Amino acid sequence: IHPRNKQDVGLRLALAARAVAYGEPIVYSGPLFRQLTREGNRLRLWFDHVGSGLATRDGSLPKGFLIAGNDRIFHPAQAVIEGDTIVVWSDQVPEPVAVRYAWAPNPDGNLQNREGLPASPFRTDRWRNAILPKLGQ
């Protein structure tokens with residue numbers, strides 16, 4: 001991987017070294033998916049490393065989420081931040097069971113913690129034959 005912005009990568013690695021190697025009590029990671037709970041036709045996502053709270057890098061609603069039901073067909077999802085969780089849903093998925101975030105070759109996710117560290121891409125399923133939407137067309 002050869003990111004254009006090497007300075008941000010270096011700064012993130014330095015934060016991790018300070019926390020892990022030197023034991024400094026600092027926020028060193030962006031949000032990492034921990035678990036989900038179902039609430040009717042919505043899924044609530046819980047994270048570790050939220051720091052002082054969840055945010056988006058551009059101040060808009062969270063984007064980059066896909067949601068699927070038992071049919072394993074993913075659809076773009078709406079999302080909102082509620083405290084230290086994200087709630088996702090789609091009118092096309094009445095009984096959701098799985099979420100993916102920033103799950104694309106060139107993802108357009110904007111979730112981060114208030115310290116400015118981005119959330120890592122994740123998936124809550126382990127399906128091999130899921131159907132993903134063709135985004136960006």
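Note that the coordinates shown come from a computational prediction; the quantities given were computed from them, not determined experimentally.
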Measure the acute angle between the ring planes of F74 and W127, then classify it against the limits of 30° and 60° as parallel, tilted or perpendicular. tilted
Please table the atom pairs, donor to acceptor, closer than 3.5 Å between any side-chain atom in residues 7-18 and protein atoms at least two apart or in another chain.
unit_1	atom_1	unit_2	atom_2	d
D8	OD2	N5	ND2	2.9
R18	NE	E24	OE1	2.9
R18	NE	E24	OE2	3.4
R18	NH2	E24	OE1	2.8

Nearest non-hydrogen partners of V99 and V88, listed with the distance: CG2-CG2, 3.6 Å
Tell me the ring pair (Phe, Tyr, Trp, His ring centres under 6.0 Å) pairs involving residues 12-31, sequence neighbours left out? Y28-H49
Side-chain contact, heavy-atom cut-off 4.5 Å: I81 with P62? yes
For the student: nearest non-hydrogen atoms of P96 and R42, plus distance: CG-N, 4.0 Å
Side chains of S52 and R114: donor-acceptor distance under 3.5 Å anywhere? no
Under 3.5 Å donor-acceptor, N41 side chain and W89 backbone: no
Around R126, counting heavy atoms of other residues, nucleotides and ligands shown, do more than 12 lie under 6.0 Å from its CZ? yes
Can you tell me if D91 has over 12 outside heavy atoms packed within less than 6.0 Å of its CG? no
Which heavy atom of T85 sits nearest to which heavy atom of E82, and what is that distance? OG1-O, 2.7 Å
Kindly indicate whether the side chain of L43, heavy atoms from C-beta on, has any atom under 4.5 Å from the side chain of R38. yes
Would you say that L61 contacts K63 through its side chain, given a criterion of any heavy-atom pair below 4.5 Å between the two side chains? no
How about N129 and R72: do any of their side-chain heavy atoms sit closer than 4.5 Å? yes
Could you pull out the closest heavy-atom pair between A77 and I67, with the gap in Å? CB-CG2, 3.7 Å
Kindly compute the distance separating CD (Q112) from CG (L54), expressed to the nearest 0.5 Å. 10.0 Å
Could you tell me whether the side chain of Y101 reaches within less than 4.5 Å of the side chain of I86, counting heavy atoms only? no
Closest approach of D125 and A98, non-hydrogen atoms and distance? CB-CB, 3.9 Å
Common cluster, L36/W103, ILVMFWY with side-chain heavy-atom separation under 4.5 Å: no
So if you build clusters from Ile, Leu, Val, Met, Phe, Trp, Tyr with side-chain heavy-atom gaps below 4.5 Å, do V87 and L32 land together? no
What one should report as the nearest heavy-atom pair of R100 and A130 is NH2-CB, 3.9 Å
Under a single-linkage definition using a 4.5 Å side-chain heavy-atom cutoff for Ile, Leu, Val, Met, Phe, Trp and Tyr, are I73 and L66 assigned to the same hydrophobic cluster? no
D84 side chain vs W46 backbone, donor-acceptor pair below 3.5 Å: no
Less than 4.5 Å apart, side chain to side chain, heavy atoms only: is that true for F122 and L45? yes
Would you check if the side chain of R57 reaches a backbone N or O of G109 as a donor-acceptor pair within less than 3.5 Å? yes
Side-chain heavy atoms under 4.5 angstrom apart, residues restricted to Ile, Leu, Val, Met, Phe, Trp, Tyr: same cluster for V27 and V20? yes
